[in-house]
Amino acid sequence: VLSGIVINFGEVFESSLFGSKPNFRSNTDPLIGEPIIKKVQDIENLHYPDFYESGLMPKIIDVYETAEKIVKRKIPVFFERWERSPWGTAVHLRGLIELLKDTFRNPDFAHKLLTFITESRIRWEKEKEKFLGTKTEKASLYNDEVNAQVISPKIYQVFAHPYEKKLADFYPKGIFYFHSCGDITPFLDTIATIRGLRRLHISPATDFKTAVNKLGTRFVFEKRMHPVNDLALCDSKTMKLKIEEALNVGRETSMELDPGPIQDVPLDKIKTWINLARKTTKPEPI
């Protein structure tokens, strides 16, 4: 349970700073707008985001200041965080297929775009520190677009990882948390070199055994279950077996067990999973 109010507009936030138009709907999270870099020349139309005026920033600042007035500092209000990685933001701005083509046909352009996005984040963070009057010591990378089912280890090593390293060097304590809902199994060794990394998300697509064998006790593993295969479609016996299987793999590590995005899972299934997880993870009496 978080200890305050979190201002978070989801994965559309970062791309909105560059001019992408999010699609807001009444029954779901905002959806990413159409890519705005249709051709290589369009990069010349990009500008470094204005902390106060670009994209969703006016709305974010208004929500933040309104929340601060309401709670009157009785509980903390957490400001929006730039967490989407440079590669992920580039995918949102350029489109996945076109960006993948760029890595082969026009790598200089791909690097130019990624460099611009990385520098934009650094500038935004500096302005955020001035606005809040506090220093951002460490940060996260949300990297769902880093997925071995879509990109190769070479693409990750050449076009994604160097910019993650640059961000890690910017924050005093580096990058604390790496998240990807994709398969990061082939990237684990490279990801592990990110400065400051302490917490690593393990999605259902990533091989947990491989992560444990490679990285052991170096990180806290956030082991995420599959909300459909491990909850919605399971009876209680199968749920328990899957929970025990995950705990058995990570038994020698520091790990968290996460049911995943369960907003569409029936409530009775969620309650069953929570009760089973609590009972299964409860230490045996000595």
Side-chain angles (χ1 to χ4, degrees), residues 11-23 31-49 55 82-124 139-170 175 178-195 197 200-207 210-211 214-215:
E11 63 180 12
V12 302
F13 160 61
E14 292 86 357
S15 58
S16 82
L17 299 177
F18 299 91
S20 176
K21 303 297 183 184
N23 296 313
L31 302 177
I32 299 166
E34 288 293 316
I36 61 173
I37 304 178
K38 305 286 188 181
K39 52 186 183 296
V40 169
Q41 293 77 9
D42 289 342
I43 195 173
E44 304 303 328
N45 298 324
L46 293 181
H47 301 282
Y48 290 119
W82 185 319
E83 296 182 315
R84 188 67 43 186
S85 73
W87 174 262
T89 306
V91 169
H92 294 183
L93 295 177
R94 179 68 166 139
L96 175 61
I97 300 301
E98 292 305 314
L99 185 60
L100 289 176
K101 290 179 183 177
D102 293 333
T103 64
F104 289 94
R105 298 176 181 176
N106 199 343
D108 289 344
F109 166 76
H111 282 298
K112 183 177 181 179
L113 176 60
L114 289 157
T115 298
F116 183 84
I117 291 170
T118 304
E119 178 62 23
S120 295
R121 176 167 172 171
I122 290 172
R123 292 182 179 217
W124 185 90
S140 301
L141 283 175
Y142 275 69
N143 243 345
D144 297 331
E145 298 76 14
V146 168
N147 183 355
Q149 297 172 13
V150 179
I151 67 172
S152 67
K154 182 177 180 181
I155 288 177
Y156 175 68
Q157 291 167 2
V158 174
F159 292 96
H161 186 64
Y163 302 97
E164 297 168 357
K165 286 179 61 179
K166 185 174 181 179
L167 288 174
D169 289 338
F170 165 71
I175 299 296
F178 187 104
H179 173 103
S180 175
C181 287
D183 178 7
I184 61 171
T185 311
F187 314 139
L188 287 168
D189 289 332
T190 307
I191 291 170
T193 65
I194 296 174
R195 174 177 162 268
L197 191 63
L200 182 61
H201 178 263
I202 304 294
S203 77
T206 297
D207 189 281
T210 300
K214 281 181 172 291
L215 306 179

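Note that this is a predicted model, so its numbers are computed, not measured.
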Are the side chains of [X] and [Y] in touch, meaning some heavy atoms are under 4.5 Å apart?
| X | Y | result |
| --- | --- | --- |
| E145 | L96 | no |
| H92 | E14 | no |
| T103 | V158 | no |
| I155 | L100 | yes |
| L113 | R94 | yes |
| I43 | L46 | yes |
| P86 | L167 | yes |

Run the side chain to side chain donor-acceptor pair (under 3.5 Å) test against [X] and tell me which residues pass, sequence neighbours left out.
| X | value |
| --- | --- |
| T193 | H161 |
| R123 | E119 |
| K39 | D42 |

Gap separating the [atom1] atom of [X] from the [atom2] atom of [Y], nearest 0.5 angstrom:
| X | Y | atom1 | atom2 | answer |
| --- | --- | --- | --- | --- |
| I191 | E164 | CD1 | CD | 7.0 Å |
| L215 | D189 | CG | CG | 7.0 Å |
| I32 | R84 | CD1 | CZ | 6.5 Å |
| R121 | T89 | CZ | OG1 | 8.0 Å |
| I175 | D169 | CD1 | CG | 9.5 Å |
| D183 | I202 | CG | CD1 | 10.0 Å |

Inset, instruction - For Q149 and G182, indicate whether the former's side chain and the latter's backbone hold a donor-acceptor pair under 3.5 Å. - result: no
Legend entry - Under 3.5 Å: donor-acceptor pair, side chain of S85, backbone of L141: no
Legend entry - Residue of the set V150, L99, D144, I151 for which side-chain contact (heavy atoms from CB on, under 4.5 Å) holds with V91: L99
Inset, instruction - Please lay out, stage by stage, how N143 and I184 fare under the test side chain to side chain contact (heavy atoms under 4.5 Å, CB included). - result: CA-CA 10 Å; N143 243 345; I184 61 171; over 6 Å; no
N/O donor to acceptor pairs below 3.5 angstrom from side-chain atoms of residues 104-111, sequence neighbours left out:
{"residue": "N106", "atom": "OD1", "partner": "F109", "partner atom": "N", "Å": "3.3"}
{"residue": "H111", "atom": "ND1", "partner": "Y163", "partner atom": "OH", "Å": "2.6"}

Inset, instruction - Taking atom types as modelled, find out whether D207 and T185 have a side-chain donor-acceptor pair closer than 3.5 angstrom. - result: no
Inset, instruction - Mind running side chain to side chain contact (heavy atoms under 4.5 Å, CB included) on I37 and F18 for me, showing each step along the way? - result: CA-CA 10 Å; I37 304 178; F18 299 91; over 6 Å; no
Legend entry - Which residues share a ring-ring contact (aromatic ring centres under 6.0 Å, His included) with Y142, sequence neighbours left out: Y177, H179
Inset, instruction - Could I get the full list of ring-ring contact (aromatic ring centres under 6.0 Å, His included) partners for F178, not counting sequence neighbours? - result: none
Inset, instruction - Answer yes if the ring centres of F13 and W124 are under 6.0 angstrom apart, and no otherwise. - result: yes
Legend entry - Over 12 non-hydrogen atoms of neighbours within 6.0 angstrom of NZ in K112: no
Inset, instruction - Kindly give the heavy-atom pair with the smallest separation between A160 and W87, and that separation in Å. - result: CB-CB, 3.8 Å
Inset, instruction - State, to 0.1 Å, how close S203 and S180 come at their nearest heavy-atom pair, and which atoms those are. - result: CB-O, 3.5 Å
